[in-house]
Each structure stands twice: as structure tokens, then as C-alpha cells.
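None of the values given here were measured: they were computed from a predicted structure.
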Amino acid sequence: MSFLSVQFPVFLVVVFLAYFLTPRRFQWIVLLIASYVFYLFSGVAMTVLLLGTTLITFYTGLLLGRSNQRYNAVIASSTGNLTVEQKSALRDRRNREKKLTLTAALLLIFGILAFMKYSGFLAANLNAVLGLFTSSRLRVLNLLLPLGISFYTFQSAAYLIDINRGKIEPDRNLAKFALFVSFFPQIVQGPISRYDQLAAQLYEGHSFDYTRAKFGLQLILWGLFKKLVIADRAAVIVSTVFKNYWRYEGFTTFAAALFYCIQIYGDFSGGIDIARGVAQIMGISLPQNFNHPFFAVSLPDFWRRWHISLSNWMRDYIFYPLSLSKSFTRLGRGARKLLGNRVGRLVSPFLATILTFLAVGIWHGANWKFVAYGFYNGIFIFLETFIHPLRDRLQKKYNLNFETFGWRFWQVLTTLVVVGFGRYFSRAANLRIAGKMFAKTFE
């Protein structure tokens with residue numbers, strides 16, 4: 001069911017009435033039923049996949065929690081009889097057990113995502129090299145993508161990793177946990193919520209509040225305006241130019257890329273506003289996902305403002321684990337010995353940044369153009385991170401003022417240019433056409 005479908009307003013009215021007429025301790029059941037009814041509109045098979053990810057995540061969370069409990073019980077029962085070495089051995093065994101359990105679960109849930117989203121892409125590329133499949137078999141592998149599968153998979157993965165890190169305790173109520181994974185306002189376009197931010201709000205129940213409902217309705221209407229007016233009007237210009245790019249001069253081509261930025265902002269942030277508005281009416285606060293991204297003063301700043309929940313997920317669960325891993329630490333030491341301290345110390349953060357943004361690109365879709373989009377952003381973000389200390393030294397040496405309106409305006413303008421060129425990759429039909437559009441821009 002789409003937010004823009006004719007059924008959605010009727011669905012919302014029924015859900016709101018049922019939610020607020022139900023005693024607060026049972027309201028979560030209304031939300032669970034509503035979420036699965038909402039998802040069933042996408043198909044029974046898709047709902048089975050959602051339930052499969054939910055079951056894998058729930059029972060893995062219990063296994064991870066029990067590993068911690070067993071370790072703590074052994075330590076508590078030892079009454080100080082264990083040596084430091086014995087405690088360390090027990091801790092290492094527990095960590096290996098948890099790592100194996102977590103890895104298996106992540107492979108399963110991301111395997112479902114990869115098969116549904118990327119099997120056709122992988123098969124087509126293997127076929128181009130090895131000629132393994134007929135065209136009819138390739139068409140079979142172009143599967144219908146389940147609604148919100150990237151969002152609920154990432155949300156489920158974060159839940160497991162946070163349990164493994166000891167940040168949260170596992171949920172022991174399967175039905176309640178199923179609501180956390182499937183909560184209907186956010187499953188279409190996000191945001192990607194963390195368990196410790198959202199779960200308690202879903203379970204505790206809320207009374208009707210007129211002021212809260214009023215602002216929630218305003219958010220919904222503003223989201224609809226963004227999607228139906230801003231995004232749809234910009235889409236006309238974007239579609240016309242990108243489908244016939246060879247007919248237009250470079251300035252027009254780049255202007256269309258900027259309009260595409262406006263289009264996807266209107267569509268995506270509009271959907272988030274609708275989701276947040278629906279949740280707010282029921283007393284549930286979803287995290288902000290956009291924070292004036294077109295006023296960013298650098299590309300790193302842009303990604304801190306754009307799709308914030310995804311950026312934070314990539315930072316916390318890919319970038320930091322890679323940067324702080326033993327493998328990257330050894331790589332950094334080796335690079336400093338080989339290349340010198342000044343250059344060698346940049347190798348590990350460079351690779352971590354590139355790999356993180358390759359994951360961002362692949363998250364957007366199964367196409368080489370999205371791989372290029374991730375690589376493009378990773379390169380520019382690393383360059384800006386590398387240049388920033390140089391700028392600080394120049395500022396101190398020559399007493400430069402970087403807080404003026406003119407300088408900030410220049411930063412915003414150059415950031416928009418970098419972001420706009422990046423959109424060639426994400427909007428062009430394929431990587432080859434994106435390259436032609438780049439060339440066209442500079443003719």
C-alpha cells in the first residue's frame with residue numbers, strides 16, 4: 001500500500017480509531033495487526049520474507065543474550081575462585097560463540113536481501129563473462145523487490161549487533177518484536193530506527209492528544225505537498241532531459257541533475273514527513289532523517305544532513321568497525337612503515353571510507369552506476385577530510401576568517417556542484433550514459 005494510494009487515508013482512519021479506542025496496554029496489538037495488514041497489500045510471499053527475517057533476528061537475539069547470561073552466571077558462581085587467565089578464556093569462548101551466532105544470522109538476513117535485490121544483477125554480470133544463463137533464466141532472476149526490505153533488514157541487523165555489543169537486552173516477546181520490525185509508517189521509506197529509540201514507544205501505549213495530532217497532520221500534509229507538488233513537478237524536467245540528454249547543452253544537463261536533487265529530496269523527505277506525522281499522531285516519535293541538506297558546507301556535512309538514519313547506520317556498523325578492526329590496524333602500521341607516517345596513516349581511513357560508501361551505493365540499487373555513485377562520494381569525502389587540516393593550518397598562519405557569509409555561501413555552492421555531479425550516476429539509465437552526460441556538461 002502506497003502513502004499516495006486511495007486506500008491509505010481510509011486505512012489510517014480505521015487504525016487511529018482502533019488505536020485510541022483500545023486500552024493502552026493492548027494498543028501495541030492494534031499496531032501489529034495494522035502493520036501486517038498494511039504489508040499484506042504488497043503480497044503474501046513478501047510478508048513471508050518479512051516474517052522470516054523477524055524470526056531469524058528474534059531467536060538470534062535470544063541466543064546472544066543467553067551467551068552473556070551463561071558467562072555472567074559462571075563468573076558469579078565461582079565466588080572468586082577463577083584466575084584472571086580462566087576468566088579471560090571464558091570471555092574469549094563466549095565472544096567466539098557470539099561472533100559465530102551473529103555472523104550466521106547476518107549472513108541469513110542479508111542473504112535474503114541480496115538474493116531478492118541483487119541476484120538478477122549478479123547473474124547478468126556473470127553471464128556477460130561466462131555465458132552461463134539464457135535470457136529467459138535471467139528474466140526469472142529479476143525478482144520483484146519486497147516493500148522496504150532494505151530498511152527492515154538494516155534495522156534488524158542493528159538490533160543484533162547492539163545486543164552483541166551489550167548495548168541493549170534482547171526482546172523476549174516475539175509479537176512485540178515483530179511490531180518493531182514491521183511498524184507500518186516507517187517500513188516504506190524509513191527512517192531506520194534503533195531498538196532503544198523506538199521499541200518502548202511502540203509497546204507502552206498513548207492517549208489521544210489534540211496538539212500532537214494537529215502537528216502530526218501538518219507533517220502529513222507537508223509531506224504530501226513535497227511529494228505531489230515539488231517532486232512530481234521537478235520530475236517532469238528531469239525525465240525530459242535525462243531521456244534526451246544528447247539534445248541539450250551542458251548547462252541544461254547539469255541543471256537537470258540539480259532538479260533531480262530537488263525531486264528525490266521532495267519524494268524521500270516527503271515520505272519521511274508522512275511517516276513521522278502518522279507516528280506522531282499516535283504519540284510515537286520517529287527520528288529526523290533530513291536536516292536542510294542543501295545548506296551543507298561540505299560533502300561530509302551533506303551526508304550528516306541527508307538520510308541521516310542511513311548515514312548513521314553506515315558510520316556505526318561499517319565505518320567504525322572497519323577503522324578499529326585488528327586487520328585495519330595492522331594495515332595502518334604496515335602502510336606507515338612502507339609509505340612514511342604522513343601518507344601511511346591515511347591508508348586505513350581511506351579504505352574504510354571507500355568501502356563504507358561503496359556499501360551506500362550498493363544499498364541504493366543493483367547496478368554498476370550505484371557502485372560508481374558510492375565510489376564518487378567516498379573519494380570526495382576522503383579528499384575533503386584530508387584537506388580540512390590543511391585549511392586549518394592556513395587559517396592560523398594567515399589569520400583567515402572562514403566565518404563570513406561569502407565564504408559559507410561559496411562552500412554551499414561548491415557542495416551543491418559536487419552533489420549535483422554525483423546525481424548523474426544515480427539518475428542516468430546506466431554508467432555509460434552517466435559518463436556521456438559528464439562529457440556533455442563540459443563541452
Can you tell if the side chain of [X] reaches within under 4.5 Å of the side chain of [Y], non-hydrogen atoms only?
| X | Y | answer |
| --- | --- | --- |
| V238 | F259 | yes |
| S182 | L50 | yes |
| L12 | I281 | no |
| I29 | I33 | yes |
| L179 | S35 | yes |
| I379 | F350 | yes |
| S42 | P146 | no |
| Y159 | V181 | no |

Minimum heavy-atom distance [X]-[Y], with the two atoms named:
| X | Y | answer |
| --- | --- | --- |
| A429 | I433 | CB-CD1, 3.8 Å |
| A157 | W313 | CB-CZ2, 4.0 Å |
| G420 | C261 | CA-SG, 4.2 Å |
| G266 | A231 | C-CB, 3.9 Å |
| G65 | I163 | N-CG2, 4.3 Å |
| D162 | Y317 | OD1-OH, 2.8 Å |

Practice task
Tell me whether the centres of the aromatic rings in F11 and F41 are closer together than 6.0 Å.
Solution key: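 They do not qualify: ring centres at least 6.0 Å apart.
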Handout entry: Near-ring test F110/F154, centroid separation under 6.0 angstrom
Key =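 Yes, the ring of F154 comes within the 6.0 Å limit of the ring of F110, centre to centre.
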Gap separating the [atom1] atom of [X] from the [atom2] atom of [Y], nearest 0.5 angstrom:
| X | Y | atom1 | atom2 | value |
| --- | --- | --- | --- | --- |
| I187 | F183 | CD1 | CZ | 10.5 Å |
| L228 | L221 | CG | CG | 11.0 Å |
| Y260 | R427 | OH | CZ | 6.5 Å |
| K98 | R165 | NZ | CZ | 11.0 Å |
| R423 | I262 | CZ | CD1 | 12.0 Å |
| Q288 | R305 | CD | CZ | 10.5 Å |

Practice task
Quick one: list whatever passes side-chain hydrogen bond (donor to acceptor under 3.5 Å, both in side chains) with Q218, sequence neighbours left out.
Solution key: none
Listed pairs under 3.5 Å, donor-acceptor, residues 99-109 side chains, sequence neighbours left out:
residue	atom	partner	partner atom	Å
T101	OG1	E97	O	2.9
T103	OG1	K99	O	2.7

Once you measure the plane-to-plane angle for [X] and [Y], does it fall in the parallel (<30°), tilted (30-60°) or perpendicular (>60°) bin?
| X | Y | value |
| --- | --- | --- |
| H292 | F295 | perpendicular |
| F370 | H364 | parallel |
| Y152 | Y39 | perpendicular |
| F208 | F20 | perpendicular |
| F38 | F184 | tilted |
| F3 | F8 | tilted |
| F294 | W306 | tilted |

Problem - Contacts of S348 that satisfy side-chain contact (heavy atoms from CB on, under 4.5 Å) - sequence neighbours left out - result: F328, L331
Can any side-chain N or O of [X] pair as donor or acceptor with the backbone N or O of [Y] at less than 3.5 Å?
| X | Y | result |
| --- | --- | --- |
| Y118 | I362 | yes |
| K369 | A428 | yes |
| Q201 | I284 | no |
| R94 | S67 | no |
| S325 | L322 | yes |
| T414 | Q411 | yes |
| S323 | F319 | yes |
| Q155 | F180 | yes |

Problem - Residue from F375, Y373, W303, Y376 passing ring pair (Phe, Tyr, Trp, His ring centres under 6.0 Å) with F357 - result: W303
Practice task
Would you mind listing every salt bridge (charged side-chain N to carboxylate O under 4.0 Å, His left out) that reaches into residues 264-276, with sequence neighbours excluded?
Solution key: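 Those involving residues 264-276 are K226-D273, K227-D267.
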Handout entry: Of V360, L358, T356, the residue whose pairing with I318 passes side chain to side chain contact (heavy atoms under 4.5 Å, CB included)
Key = T356
Handout entry: Lys/Arg N to Asp/Glu carboxylate O, R194 vs D316, below 4.0 Å
Key = yes
Practice task
Inspect the surroundings of CZ in R408 and state if more than 12 heavy atoms from other residues, nucleotides or ligands are less than 6.0 Å away.
Solution key: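 Open.
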Practice task
Decide if atom CZ of R315 counts as having more than 12 heavy atoms of other residues, nucleotides or ligands within a radius under 6.0 Å.
Solution key: yes
Would you be so kind as to tabulate the donor-acceptor pairs closer than 3.5 Å made by side chains of residues 168-176, with sequence neighbours excluded?
residue	atom	partner	partner atom	Å
D171	OD1	N173	N	2.9
D171	OD2	Y195	OH	2.8
D171	OD2	Y203	OH	2.8
R172	NH1	P170	O	3.2
N173	OD1	A175	N	3.1
N173	OD1	K176	N	3.0

Practice task
Please lay out, stage by stage, how M282 and H206 fare under the test side chain to side chain contact (heavy atoms under 4.5 Å, CB included).
Solution key: CA-CA 7 Å; M282 296 184 289; H206 304 86; 5.7 Å; no
Donor-acceptor list for residues 56-63 side chains, cut-off 3.5 Å, not counting sequence neighbours:
residue	atom	partner	partner atom	Å
T57	OG1	T53	O	2.7
T60	OG1	I56	O	2.6

Practice task
Apply the test ring pair (Phe, Tyr, Trp, His ring centres under 6.0 Å) to residues W363 and F151: give CA-CA distance (whole Å), side-chain angles for both, the deciding distance (0.1 Å), then the verdict.
Solution key: CA-CA 10 Å; W363 182 88; F151 294 103; 5.5 Å; yes
Handout entry: Residue pair F177, T54: steps toward the side chain to side chain contact (heavy atoms under 4.5 Å, CB included) verdict
Key = CA-CA 8 Å; F177 180 73; T54 301; 3.9 Å; yes
Practice task
Take I112 and T153, measure what side chain to side chain contact (heavy atoms under 4.5 Å, CB included) needs, and give me the verdict at the end.
Solution key: CA-CA 9 Å; I112 294 171; T153 300; over 6 Å; no
Exercise for the section: Would you please test L286 and S193 for side chain to side chain contact (heavy atoms under 4.5 Å, CB included) and show each step? Expected result: CA-CA 7 Å; L286 294 180; S193 296; 4.1 Å; yes
